[in-house]
Amino acid sequence: MSSDTIIDIYCHIFPDRFFHEMNRIAPRLGNIGARLRGVKKLFDLDERFREMDRFGDYREVISLPNPPIEDFAQGEVGLNLARIGNESMTDVEGSVQEARRAVKELGAAGVQIFTNIAGRPLDDPAYEPIFATMAELDLPIWLHPARTAAMPDYAAEQKSRFEMWWCFGWPYETSVAMVRMVLAGLLDRHPKLKIITHHLGGMIPFYDGRIGPGLAVLGSRTLDEDYSKVLSSLKRPHLDYLHDFYGDTALFGGGIQAVRCGLEFFGVNHVVFATDTPLGPIAPTIDRINELDIPAADRRRIFAGNAERLLRRKLS
C-alpha cells in the first residue's frame, strides 16, 4: 500500500441501463431519477475519472444510490434489476443467490443493504440468511439509511417537511437498525459479520450514554411488552457489540468534531474513509482526516489499510 493511497469505500454510481430499467418498471420514481441524473458524475465516467485523477492514488468502491430496489420492485423484477445494477431483498432466497453470484462471478467486494426492507426491520428472522451468507463469505455489508418524506416528523402531519427525513431521519434509521440487530442477537449468531455503517454510525457515537446505561434498564419504560430477557440473552454487554461495527467518514465534509467523536467510539481500526461521492465532497473529507491529531500510521489505516483488510484484497 502506497503511503498516499486513498480508498473511498462508500461511493455511488447510477448506470445507464439500471436507470432506464428503473424508470420503465417504476415510472412514479421519475422525480427521484431526474434528480439523480442531474448529478452528472453518477453516470458520466469520463467526468468521474477526471475528478478522481485530482487526488493521486485514489480508488473508489462503488454502490447504487437510493432508492432501495425493494421499495419499488418485488420478487423476480427486483432481482433482475439487482442483476443489472451488479453487471433486492424482498425475495430472500433469490437475494442470497445473487449475492453469491456477484461475489464469485463478478468480483463484488460485498453487498449493500438498506436499513429497512420495504418497511420491515433488518432483525426480522426472514432476512437472517443474508447475514449468514455474508458471514460465511467473510465480506462486508454496506449499510445505507433509507427513509422518505412519506414518514412524517409529527403524528398530526402527513409527511416530513423541510427534508428532515433525510437530514435527521437517515442517522436515526442507521442507529435503530444497528441497535436492533444487536438486541436480536444477530452478532452473537454471526460473530464474523462485518457491517460498514454509512455516515459514521449515525447517532450511535454521540448517544453512547443513552444506549449503554440508558438501555441497561430496557423494559422499565414499557408496559405492553416483556423485554426482561433481551439483555440477559446476549453474550456481552449490549453496547460492546456496537464497537464491532465499522463507521465511514462520509459526513459531507463538515466539522472535525463529528469525525473525532466517531473515531473515539469505533476506534482507529474500525473507521474507514468514505465521501459519498458524487453526492458528497471528496476534498473536504480528506482535509478532515488530515486535520486529526493522530499518528501517521493511524491515518494510513483510515485512508486505506482498514479497507484493504475488510475487503481482503490489495487495492494499491
Side-chain angles (χ1 to χ4, degrees), residues 9-12 29 32 36 61 63-74 78 82 85 88-92 95 99 110-135 140-153 159-160 163-187 190 193-208 210-211 215 238 241-252 258 262 265-266 270 272 274 276 279-280:
I9 205 167
Y10 220 136
C11 308
H12 294 298
L29 293 174
I32 296 175
L36 290 175
V61 181
S63 60
L64 294 170
N66 265 311
I69 291 173
E70 56 271 14
D71 276 5
F72 60 88
Q74 307 298 312
S88 103
M89 215 149 130
T90 47
D91 178 349
V92 176
S95 296
V111 301
Q112 176 177 254
I113 62 177
F114 288 81
T115 49
N116 68 80
I117 309 301
R120 294 172 65 184
L122 294 181
D123 55 285
D124 187 317
Y127 303 127
E128 185 121 359
I130 295 288
F131 296 102
T133 298
M134 296 315 298
I141 293 170
W142 277 254
L143 182 63
H144 197 291
R147 193 180 181 95
T148 71
M151 301 182 73
D153 308 313
K159 67 173 189 175
S160 175
E163 299 181 354
M164 296 294 100
W165 58 270
W166 174 86
C167 186
F168 296 112
W170 279 17
Y172 172 82
E173 278 275 339
T174 300
S175 307
V176 170
M178 292 169 68
V179 174
R180 285 192 49 159
M181 283 190 277
V182 168
L183 297 181
L186 192 66
L187 277 72
H190 306 290
L193 269 178
K194 301 177 180 69
I195 301 176
I196 303 168
T197 63
H198 215 7
H199 314 131
L200 210 49
M203 300 159 60
I204 297 293
F206 190 78
Y207 286 105
D208 61 343
R210 294 183 71 87
I211 300 163
L215 285 182
H238 61 283
Y241 295 90
L242 294 167
H243 296 289
D244 294 342
F245 288 81
Y246 290 77
D248 78 28
T249 63
L251 297 169
F252 280 79
F265 181 84
F266 290 111
H270 277 242
V272 287
D276 221 358
L279 305 173

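Note that the structure is a prediction, hence the values are computed from the model and not measured. For the numbers below, each heavy atom of this structure counts, side chains included, while hydrogens, waters and symmetry mates do not. Each residue takes its place number in the sequence, starting with 1.
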Problem - Full working for side-chain contact (heavy atoms from CB on, under 4.5 Å) between I113 and F131 - result: CA-CA 10 Å; I113 62 177; F131 296 102; 3.8 Å; yes
Handout entry: Residues Y241, M181; criterion side-chain contact (heavy atoms from CB on, under 4.5 Å); working and verdict
Key = CA-CA 10 Å; Y241 295 90; M181 283 190 277; over 6 Å; no
Practice task
Carefully, step by step, assess L143 and H198 under the rule side-chain contact (heavy atoms from CB on, under 4.5 Å).
Solution key: CA-CA 6 Å; L143 182 63; H198 215 7; over 6 Å; no
Exercise for the section: Could you walk me through whether I141 and Q112 pass side-chain contact (heavy atoms from CB on, under 4.5 Å), step by step? Expected result: CA-CA 6 Å; I141 293 170; Q112 176 177 254; over 6 Å; no
Exercise for the section: Might you work through the side chain to side chain donor-acceptor pair (under 3.5 Å) test for D276 and H12, ending with a clear yes or no? Expected result: CA-CA 7 Å; D276 221 358; H12 294 298; 3.0 Å; yes
Problem - Worked verdict on W166 versus F252 for ring-ring contact (aromatic ring centres under 6.0 Å, His included) - result: CA-CA 13 Å; W166 174 86; F252 280 79; 5.5 Å; yes
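To the nearest 0.5 Å, atoms CD1 (I130) and CG (L193) are separated by 11.5 Å. A distance of 10.0 Å separates CE of M203 from OG1 of T174, quoted to the nearest 0.5 Å. In this structure, CG on D123 lies 13.5 Å from CE on M178, to the nearest 0.5 angstrom. With rounding to the nearest 0.5 Å, the separation of OG1 in T197 from CZ in F245 is 7.5 Å. Atom-to-atom distance recorded for T249:OG1 and I9:CD1 is 10.0 Å, nearest 0.5 angstrom. Atom CD in E128 sits 11.5 Å away from atom CG in L122 (nearest 0.5 Å).
In plain terms, the two heavy atoms of K159 and A149 that are nearest each other are CB-O, 3.0 Å. Across every non-hydrogen atom of A258 and L200, the tightest pair is O-CD2, 3.4 Å. The minimum heavy-atom distance linking H190 with A135 is given by the pair CB-CB, 4.1 Å. Across all their heavy atoms, E173 and A146 have their closest contact at CD-O, 3.2 Å. The two residues S175 and G201 have their closest heavy-atom pair at OG-O, 3.9 Å. Of all non-hydrogen atoms in S160 and M151, the two that sit nearest each other are CB-O, 3.3 Å.
The aromatic rings of Y10 and W142 sit perpendicular to each other, their planes meeting at more than 60°, with 30° as the lower class boundary. Between W170 and H144, the ring planes lie perpendicular to each other; the angle is over 60°, past the 30° to 60° tilted range.
A heavy-atom distance below 4.5 Å is not found between the side chains of Y246 and P140. You'll find the side chain of T115 stays beyond 4.5 Å of the side chain of V176, heavy atoms only. Counting heavy atoms from C-beta outward, R210 and L215 have side chains that stay 4.5 Å or more apart.
Between H243 and F265, the distance separating the two ring centers is shorter than 6.0 angstrom.
Side chain of D248 to main chain of H199: a donor-acceptor pair is present (N/O by atom type, distance under 3.5 Å, no hydrogens or angles).
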